[in-house]
Protein chains: 2
Amino acid sequence: MTHSLEGYIYHNLLNPSLEEAHDAVKESLTRTLLLTLIGLCQVSYQGRASSELDWGDRLIVIKPDGSVLIHQSQGYEPVNWQPPGSIINTQLSEGYLVIKAIRRKPAEELIIRFTKVYALTSAKLFDTSKIEMHLTEEELRQVILENPHLVEEGLRPVAKEWGDFSGFIDIFCRDKNGNLVVLELKNEVADQQAVSQLYRYVSSIKKVSPLVRGIIVAPRITKEARRLLMTLGLEFKQVNLSKCRSLLQKSKDSQSKLL
Amino acid sequence: MTHSLEGYIYHNLLNPSLEEAHDAVKESLTRTLLLTLIGLCQVSYQGRASSELDWGDRLIVIKPDGSVLIHQSQGYEPVNWQPPGSIINTQLSEGYLVIKAIRRKPAEELIIRFTKVYALTSAKLFDTSKIEMHLTEEELRQVILENPHLVEEGLRPVAKEWGDFSGFIDIFCRDKNGNLVVLELKNEVADQQAVSQLYRYVSSIKKVSPLVRGIIVAPRITKEARRLLMTLGLEFKQVNLSKCRSLLQKSKDSQSKLL
DNA sequence: TATTAAGTATGGGTG
DNA sequence: CACCCATGCTTAATA
C-alpha cells in the first residue's frame, strides 16, 4: 500500500522490495515528508571524523529539513547522523538501496546501504507548537503584579501601561523611595533586543521623570544582554518560573474558593 | 495487521484506534521491542527542567533500553526525550493514549498524551555491530611496520615480538641512537590502562636494557592518560588514521601490481 | 557512585 | 559567516 490516504501517512510499506522502497524514498524526498525506515544496513561516514558501521538492523529517520538520524536499539544518541540542511539523494546500486546525505561546510558525507527494508513509513507532520516555558508572559505579569516583592522589597505597581508605549508587556511601579520603576517581563532568556527596548522606554520617560529605573525580569539573560544592560544603567532580576507557576496556582485556588 | 510475521516487524498499524495502539504499545514494552509512533500528541516534562509541548504531530521512538525520543519534523535534536534506563508504562485515560517515562536520580517524568495515532511500528533489531574506527589495530601495525618514520625519524623495527611478552600488538624498534623502543598501538583513544600496560612492559625490559623507551601510538589520548604517561617517563605519538588508511591502500595497490 | 573531560557535540545569540 | 556560550546537553573515562 502506498500513496496519500487516511491521516497524514503517505507510505506505509511492510517488507517492500528494494525497488518499492527506493520509489517511496524518492517520493518522500520530493514531497519533503518525514521518512522512517527499519532495515538491514551498513553505514559509512566521512567528515569531521570517519567511521564505518557494519551490517545490522537500524532505524533511520530522514526529516523534511534534511536531518538524518541512524538509531540502534540502544542509547539516546544516534550512532550516525547528518545535521539539518544536508542534501539527500537515493539510488539503487549494485543490489543495494543507497541513501546519501551530503553537507558542505563542513564537508561531510553519510552513506547508508540497505540490503533489506523491513518497514517504511512516510508522513506529513502538522505541528505548529513550539516548546513552551512554564508560564506565558501574561501569566508572569499576573504573578508579578500580585507578588511585586519577587522583584524587589517595597515595590508597588502603579499602572499597567503608559499611554504611548502600549503593546509591551511591562509593569510600572514605585520603589520604596517613591521612584518610578519600569519592569520588562520575559518568560525566557532576555536578549539584547529586550534590553534596548527597555532602554528606549526608560529614556523616553526620563525626560519627564529623571529618576526612573528599568528592570528586566526574566528566568535568565544572555551574557551580551547583561553587559549592555550594565553599560546602559539598567537592572536585571532573575525569577524562578517554577516558583511563579506555584504562586499562580495558589492565586487561582484562592479565587475559586471565594466563588 | 498485528503480531509477529515476516522480517522482524511485530506490529505495523495504520490509523489504529487508541485501544489497538495501546495494546501494541503494551506488547512492545513487554517484548522489549523498538517502537515508533507517529501521531497527534501533547508532551509534558518535569525534572531537571520543566516544559510543555502543545498538540501537534510528532514521531516518537521508544527503545528496548528505555530511551524515549520525541521528534518534530525539524532538527537533529529531539524536542523532548528520556534517557536509557527509564521506566515506561502506558494507559488509556480520559480518552487519551498516555505513555509515561519515569527516571529516578535525577527524578524526571515525561508524559505523552495521544489523541490520534497515524502509524505504529514495532520491531526486533538484530545488530551486533559497533561503530568502527578507520583501521583495525592489525592494519595500523602493518602501516607502522612499513612506515616507522610516522612515529619518529630514524626508527627501525627489529622484531615483532619479545619472547615472554607475546600476545600484545606491539612493535619493537631501535631508534637512531640504537636504543630499544617499544611501541604500543591503539586504533582509538589511548586510556590509562594502555599507559599502565606499556609501563609494565617497559619496566620489565629495563632490567635487561636500561635505556629502553616506550611510545604510545594512537590517534588520540585522554587527558589523564597523558598525565600518567608523563609522570612515568613514557611518550605519545599521535597518528592520523586517515593518512594511515591511504598508506595502507598504497601498499596494497603496489603489492597487487607486483602479482 | 560521583566527578571530569570529550564530542562528527547541537543550537542560539551576537558582531 | 564566524565566534562564544548554554544545554534537561550525552557519553565515556576516571577517582
Side-chain angles (χ1 to χ4, degrees), chain A residues 43-53 63 65 67-72 74-86 101-111 130-134 186 188-196 218-229 241-242, chain B residues 43-53 63 65 67-72 74-86 101-110 130-131 133-134 186 188-196 219-228 241-242:
Chain A
V43 185
S44 109
Y45 163 78
Q46 279 226 346
R48 285 171 289 177
S50 297
S51 70
E52 298 286 336
L53 186 61
K63 293 191 179 187
D65 69 349
S67 316
V68 180
L69 310 171
I70 300 170
H71 277 278
Q72 293 178 306
Q74 293 147 250
Y76 161 86
E77 293 191 327
V79 59
N80 275 118
W81 72 92
Q82 200 67 292
S86 303
I102 295 171
R103 188 159 81 129
R104 306 251 155 87
K105 216 169 164 66
E108 294 183 294
E109 187 182 40
L110 181 73
I111 303 174
K130 288 190 177 171
I131 193 93
E132 267 175 31
M133 292 295 112
H134 240 74
K186 287 282 157 193
E188 48 187 321
V189 57
D191 58 12
Q192 286 184 137
Q193 198 180 338
V195 175
S196 55
R220 61 186 211 277
I221 185 167
T222 69
K223 196 171 188 175
E224 291 304 315
R226 174 162 241 148
R227 188 181 299 176
L228 180 60
L229 191 95
L241 288 190
S242 298
Chain B
V43 185
S44 105
Y45 163 78
Q46 279 226 348
R48 285 172 288 177
S50 297
S51 70
E52 298 286 336
L53 186 60
K63 294 191 180 186
D65 69 349
S67 315
V68 180
L69 310 172
I70 300 170
H71 277 278
Q72 292 178 307
Q74 290 146 247
Y76 161 87
E77 294 188 328
V79 59
N80 276 117
W81 72 93
Q82 201 65 292
S86 304
I102 294 171
R103 187 158 83 131
R104 307 252 155 86
K105 212 168 159 63
E108 295 182 293
E109 187 183 42
L110 180 73
K130 288 191 176 171
I131 193 94
M133 292 296 113
H134 239 74
K186 287 283 157 194
E188 48 186 321
V189 56
D191 57 12
Q192 287 184 139
Q193 198 180 337
V195 175
S196 56
R220 60 187 212 277
I221 187 168
T222 69
K223 196 171 187 172
E224 291 303 317
R226 173 162 241 148
R227 188 181 301 176
L228 180 60
L241 288 190
S242 298

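A note on names: the letters A, B, ... follow the listed sequences, proteins ahead of strands, and every chain is numbered from 1. Predicted model only: the values in this text are computed from it and were never measured.
- Atoms NZ (B:Lys223) and P (C:dT3) sit 18 Å apart, rounded to a whole Å.
- Per the stacking criterion (ring centres < 5.5 Å, plane angle < 30°), A:Tyr45 stacks onto the base of C:dT8.
- Spacing between C:dG7 and D:dT7 at atom C1', rounded to whole Å, works out to 14 Å.
- The phosphate of C:dG12 (OP1 or OP2) has no side-chain N or O of A:Thr222 nearer than 4.0 angstrom.
- Between the base of C:dT8 and the side chain of A:Asn80 there is a donor-acceptor pair shorter than 3.5 Å.
- Side-chain proximity of A:Asp191 to the nucleotides D:dG8, C:dG13, D:dT14 is greatest for C:dG13.
- The distance from atom CD of B:Gln192 to atom C1' of D:dA12 is 13 Å, rounded to the nearest whole Å.
- B:Gln82 comes within contact range of at least one nucleobase, with a heavy-atom separation under 4.0 Å.
- Going from atom NZ of B:Lys130 over to atom CG of A:Leu53 covers 12.0 Å, rounded to the nearest 0.5 Å.
- With a 4.5 Å cut-off on side-chain heavy atoms, A:Asn80 and A:Ser51 count as touching.
- B:Glu52 has its CD atom 14 Å from the C1' atom of D:dG8, to the nearest Å.
- Between the CD atom of A:Gln193 and the C1' atom of C:dT14 there is a distance of 12 Å, given to the nearest Å.
- Distance, A:Gln74 CD to D:dA12 C1': 16 Å, rounded to whole Å.
- If you take CD on B:Glu109 and CZ on B:Arg104, they are separated by 10.0 Å, rounding to the nearest 0.5 Å.
- Atom pair A:Arg220:CZ and C:dG13:C1' shows a separation of 11 Å (rounding to whole Å applied).
- Separation of the C1' atoms belonging to D:dC9 and D:dC5 is 13 Å when rounded to the nearest angstrom.
- With rounding to the nearest 0.5 angstrom, the CG atom of B:Leu228 is 15.0 Å from the NZ atom of B:Lys223.
- Dashed line: the shortest gap from a side-chain N or O of A:Trp81 to OP1 or OP2 of C:dA9 is not under 4.0 Å.
- Within the 4.0 angstrom heavy-atom criterion, no nucleotide atom of any strand lies near B:Pro78.
- If you take CG of B:Leu53 and C1' of D:dG8, they are 14 Å apart, rounded to a whole angstrom.
- When distances run from any side-chain atom of A:Lys105 to the nucleotides D:dG8, D:dC1, C:dA5, the shortest one goes to D:dC1.
- With DNA chain C read from its 5' end, the first of the two nearest nucleotides for A:Ala49 and B:Gly75 is the one closest to A:Ala49.
- Among the atoms of the strands shown, none is found under 4.0 Å from any heavy atom of B:Pro106.
- Here B:Ile221 contributes atom CD1 and B:Lys186 contributes atom NZ; the two are 11.5 Å apart, rounded to the nearest 0.5 Å.
- Residue contacts for A:Glu108: at a heavy-atom cut-off of 4.0 Å it reaches a base atom on one of the strands shown.
- Under 4.0 angstrom from either OP1 or OP2 of C:dG15 there lies no side-chain N or O belonging to A:Arg227.
- For A:Glu77 and B:Leu110, each mapped to the nucleotide of DNA chain D holding its nearest heavy atom, the one lying further toward the 5' end belongs to B:Leu110.
- Atom pair A:Glu188:CD and D:dT7:P shows a separation of 13 Å (rounding to whole Å applied).
- Closest to the B:Glu224 side chain, of the nucleotides C:dT8, D:dA15, D:dT10, is D:dA15.
- C:dT10 has no stacking from B:Tyr76 on its base ring, since the centres under 5.5 angstrom apart and planes within 30 degrees of parallel are not both found.
- Side-chain nitrogen and oxygen atoms of A:Arg226 include none within less than 4.0 Å of the OP1 or OP2 phosphate oxygen of D:dC5.
- In this structure, A:Glu224 CD and A:Leu229 CG are separated by 12.0 Å, a value rounded to the nearest 0.5 Å.
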